[in-house]
Amino acid sequence: MTTAPERTASARLLGLLARDLPPDRLSTDPAVLAAHATDRSGSRPAGEALAVVHARRTEDVTVALRHAHALRVPVVPRGAGTGLSGGATASEGSLVLDLSGMNRILELDADDQLAVVEPGVITADLDRAAGAHGLRYAPDPASAALSTIGGNIATNAGGLRCAKYGVTRDSVLGLEAVLADGTVVRTGRRTVKGVTGYDLTALLTGSEGTLAVITSATLRLRPVPVATATLAAYFASFEQAADASYAITRAGVEPALAELVDGPVLHAIDPALRERGAALLVVQCDGAGAAAEAAAVARLMAPLATTVQTTEDPAEAEALLAARRLALPALERLGRPLIEDIAVPRSRLAEAVREIRAISARHDVPVFTLAHAADGNLHPIVVVDPSLDRLPEAAWEAAGEIFALALRLGGTLTGEHGVGLLKRQWVAEELGPAAHALQRRLKEVFDPRGILNPGKCL
Ligand SMILES: Cc1cc2nc3c(=O)[nH]c(=O)nc-3n(C[C@H](O)[C@H](O)[C@H](O)COP(=O)(O)OP(=O)(O)OC[C@H]3O[C@@H](n4cnc5c(N)ncnc54)[C@H](O)[C@@H]3O)c2cc1C
């Protein structure tokens, strides 16, 4: 429930925004508010947001933040709303700052292999534009056709290729961002190297809209690899597939991607796939040595797998990867998938898989598992009845045990989706009291009035 002073501040803010923003930027239409209320995590906001600002330029962001800061109204930055942790969920009475309309590629410099983009650029659009110059934007979240660069940076998104090319942070050279009080700051650089001052670019990357609003990014591009080779192997058990993936790491082979799909997911995609094995591991090697690396991977898999298929043909490779790409849509046909996102040391992957199965059995909660195996990032997925208002208690308990398992194995609560709303209650345990307190103090330095995406991340 909002209080009387909050209602006065809200009314004043709406008046100031209507006065200072161009006419098409502000919306209080209930349908627009509803469309901006949550993300793909399925988390439900407690009340209704105050308004949506559709930013088209940095000045719109500075105006919105300056007034919201003065009146202490919470602001929720938003890209495409594909987040899976509730990060863009609009709190009651908040101002949603929709960055998706700031979607221009401002510069694409093929010589220095970089791009300068606004935050609302769709990830795949940047990759396509870079492709015209023989380059690519390496981070490739499975949501690349929908998600924005700003959202990717705010969540430090991962993707299939991050096993070799790193997460989003490894491709961000510099940022323009607006602080809570409306001050514009520029961080980072255009050079490949550079260590002047604290690394604010790295700090803002992954800060989930709680420290500043990103209004432009200078991003590293990389040459498209000269060759790729792809393998798909089926296994009699998920643990064997996890062991095979660790064998690749141990042998010193660095694949561009290694994706693991368990039997229940294969069955959800197509029962015929499940008949081929209890788990599928798809591995792609790239670069001049792709064929030799793929041959080495095939040799490592042979004693563990039931079948191994290899191709250097891009269309066939796409067909081998199709099962991984179809996994989430297949689970969405069964119900509402709640996607967890733990990461464990790669040496503990098979152990994590075994324990997740035991947790699933103990709570009688079916858990479907996908993994970015080459970086130890597991997505255990609980599918719930979409008509349910609340998550069943057993599903919460299973999720809690999966988080505890990740920490016990020396891993983390979230490999790529971020903490958002959903994992907040476990953050202090992972960070420990001293690091948690330090992070809270950092938040206060950036946002002393606590208006930026309150209640998320920390
Ligand atoms: C089918 C599907 C597949 C997915 N696959 C992956 C995957 O492989 N890897 C992965 O990492 N994620 C994945 N995701 C999750 C999601 O796509 C990513 O988290 C993505 O980075 C979110 O981008 P977005 O533009 O939708 O951001 P939103 O969901 O709108 O926002 C996410 C967070 O970023 C903040 N934010 C957004 N824009 C800004 C900005 N300009 N400045 C400051 N803060 C901002 C928001 O406040 C929020 O906290 C997937 C999601 C779906 C639905």
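Keep in mind that this is a model prediction, so the values were computed, not measured. The figures that follow rest on heavy atoms only: side chains count, while hydrogens, waters and symmetry mates do not.
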Tell me, with the steps shown, if Asp127 and Arg136 meet salt bridge (Lys or Arg N to Asp or Glu O under 4.0 Å). CA-CA 5 Å; Asp127 193 37; Arg136 73 181 185 190; 5.8 Å; no
Side-chain donor-acceptor distances from residues 405-420 under 3.5 Å, at least two apart:
from	atom 1	to	atom 2	distance (Å)
Arg408	NH2	Glu355	OE1	3.2
Thr412	OG1	Glu430	OE1	3.1
Thr412	OG1	Glu430	OE2	2.8
Thr414	OG1	Asp341	OD2	2.6
Thr414	OG1	His417	N	3.3
Thr414	OG1	Gly418	N	2.9
Glu416	OE2	His372	NE2	3.1
Glu416	OE2	His379	NE2	3.0

Side chain to side chain, Asp262 and Val353, heavy atoms closer than 4.5 Å: no
Side-chain donor or acceptor of Arg169 paired with backbone N/O of Thr205 under 3.5 Å: yes
If you measure only the distance, is there a donor-acceptor pair under 3.5 Å linking the side chains of Ser100 and Asp98? yes
Can you check side chain to side chain donor-acceptor pair (under 3.5 Å) on Thr311 and Asp313, steps first, answer last? CA-CA 5 Å; Thr311 182; Asp313 176 74; 4.9 Å; no
Please lay out, stage by stage, how Val73 and Ile451 fare under the test side chain to side chain contact (heavy atoms under 4.5 Å, CB included). CA-CA 6 Å; Val73 173; Ile451 64 159; over 6 Å; no
Test item: Thr148 and Leu99 side chains (from C-beta on) under 4.5 Å apart, heavy atoms: no
State whether the number of non-hydrogen atoms from other residues, nucleotides or ligands found under 6.0 Å of Arg12 atom CZ is greater than 12. no
Spacing of Leu203 atom CG and Leu442 atom CG [to the nearest 0.5 Å]: 6.0 Å
Note, Val261 side chain near Leu281 side chain (heavy atom, < 4.5 Å): no
Check this for me, if you would: do Arg72 and Glu6 make a salt bridge, where the nitrogen-to-carboxylate-oxygen distance has to be below 4.0 angstrom? no
When you measure from the side chain of Thr201 to the backbone N and O of Gly188, does any donor-acceptor pair fall under 3.5 Å? yes
Just by distance, no angles: are the side chains of Ser27 and Asp29 close enough, under 3.5 Å, to form a donor-acceptor pair? no
List the steps and the verdict of salt bridge (Lys or Arg N to Asp or Glu O under 4.0 Å) for Lys443 and Asp447. CA-CA 6 Å; Lys443 162 78 175 165; Asp447 179 19; 2.7 Å; yes
For the OG atom of Ser41 and the CG atom of Leu84, what is their distance to the nearest 0.5 Å? 7.5 Å
Considering all heavy atoms, the nearest Ala232-Leu320 contact: CB-CD2, 3.7 Å
Beyond-backbone contact of Val383 with Arg336, side-chain heavy atoms, under 4.5 angstrom: no
Side chain to side chain contact (heavy atoms under 4.5 Å, CB included) between Asp20 and His67, worked out: CA-CA 10 Å; Asp20 292 346; His67 290 314; 2.7 Å; yes
Between the main-chain N or O of Val121 and the side-chain N or O of Asp125, is there a donor-acceptor pair closer than 3.5 Å? no
Do Gln284 and Leu321 make a side-chain contact, defined as non-hydrogen atoms from C-beta onward lying under 4.5 Å apart? yes
Side chain to side chain contact (heavy atoms under 4.5 Å, CB included) between Leu50 and Thr28, worked out: CA-CA 7 Å; Leu50 173 66; Thr28 52; 6.0 Å; no
Is the CZ atom of Arg104 crowded by more than 12 outside heavy atoms at less than 6.0 Å? no
If you measure only the distance, is there a donor-acceptor pair under 3.5 Å linking the side chains of Thr123 and Asn152? yes
Nearest heavy-atom approach of Tyr165 to Pro225 is OH-CG, 4.1 Å
If we count only N and O atoms by modelled type, under 3.5 Å, do the side chains of His54 and Asp24 hold a donor and an acceptor together? no
Do Arg161 side-chain atoms and Ala138 backbone N/O form a donor-acceptor pair below 3.5 Å? yes
In terms of side-chain heavy atoms, does Thr89 have a donor or acceptor partner in Ser43 at a distance below 3.5 Å? yes
Looking only at heavy atoms, the pair that brings Pro77 and Val213 closest together is CG-CG2, 4.0 Å
Does some side-chain heavy atom of Val75 sit less than 4.5 Å from a side-chain heavy atom of Leu65? yes
Checking side-chain polar atoms at under 3.5 Å, does Glu118 have a donor or acceptor matched by the opposite partner on Ser216? no
Nearest non-hydrogen partners of Val365 and Ser360, listed with the distance: O-OG, 2.8 Å
In the structure I gave you, are the side-chain heavy atoms of Thr58 and Met102 within less than 4.5 Å of one another anywhere? yes
Roughly how far, to the nearest 0.5 Å, is the CG atom of Asp140 from the CG atom of Leu257? 7.5 Å
Taking atom CD of Glu401 and atom CH2 of Trp396, what is their separation to the nearest 0.5 Å? 14.0 Å
Gap between atom NE2 of His69 and atom CG of Leu452 - 0.5 Å precision: 8.5 Å
Pair Ile149, Leu219 - check side chain to side chain contact (heavy atoms under 4.5 Å, CB included), show working. CA-CA 10 Å; Ile149 292 291; Leu219 302 170; 3.8 Å; yes
Does the distance from a Lys or Arg side-chain N to an Asp or Glu carboxylate O, for Glu176 and Arg186, drop under 4.0 Å? yes
Please round to the nearest 0.5 Å and tell me the distance separating atom CD1 of Ile269 and atom CZ of Arg324. 9.0 Å
Arg189 side chain to Thr191 backbone, donor-acceptor under 3.5 Å: yes
Nearest atoms (heavy-atom pairs only) where Ser94 meets Ser91: OG-O, 2.6 Å
Would you say Asp112's side chain and Leu114's backbone share a donor-acceptor pair under 3.5 angstrom? no
Do Val116 and Arg190 make a side-chain contact, defined as non-hydrogen atoms from C-beta onward lying under 4.5 Å apart? yes
Lys456 vs Glu208, salt bridge (Lys or Arg N to Asp or Glu O under 4.0 Å): CA-CA, chis, key distance, verdict: CA-CA 8 Å; Lys456 316 284 174 58; Glu208 301 191 29; over 6 Å; no
Exercise: identify the closest heavy-atom pair between Ala256 and Asp286: CB-OD2, 3.5 Å
The test is salt bridge (Lys or Arg N to Asp or Glu O under 4.0 Å); show your working for Arg40 and Glu332 and say whether it passes. CA-CA 11 Å; Arg40 295 283 289 268; Glu332 278 170 344; 3.3 Å; yes
Under the side-chain contact (heavy atoms from CB on, under 4.5 Å) test against Ile381, which residue among Leu328, Val367, Val265 passes? Leu328
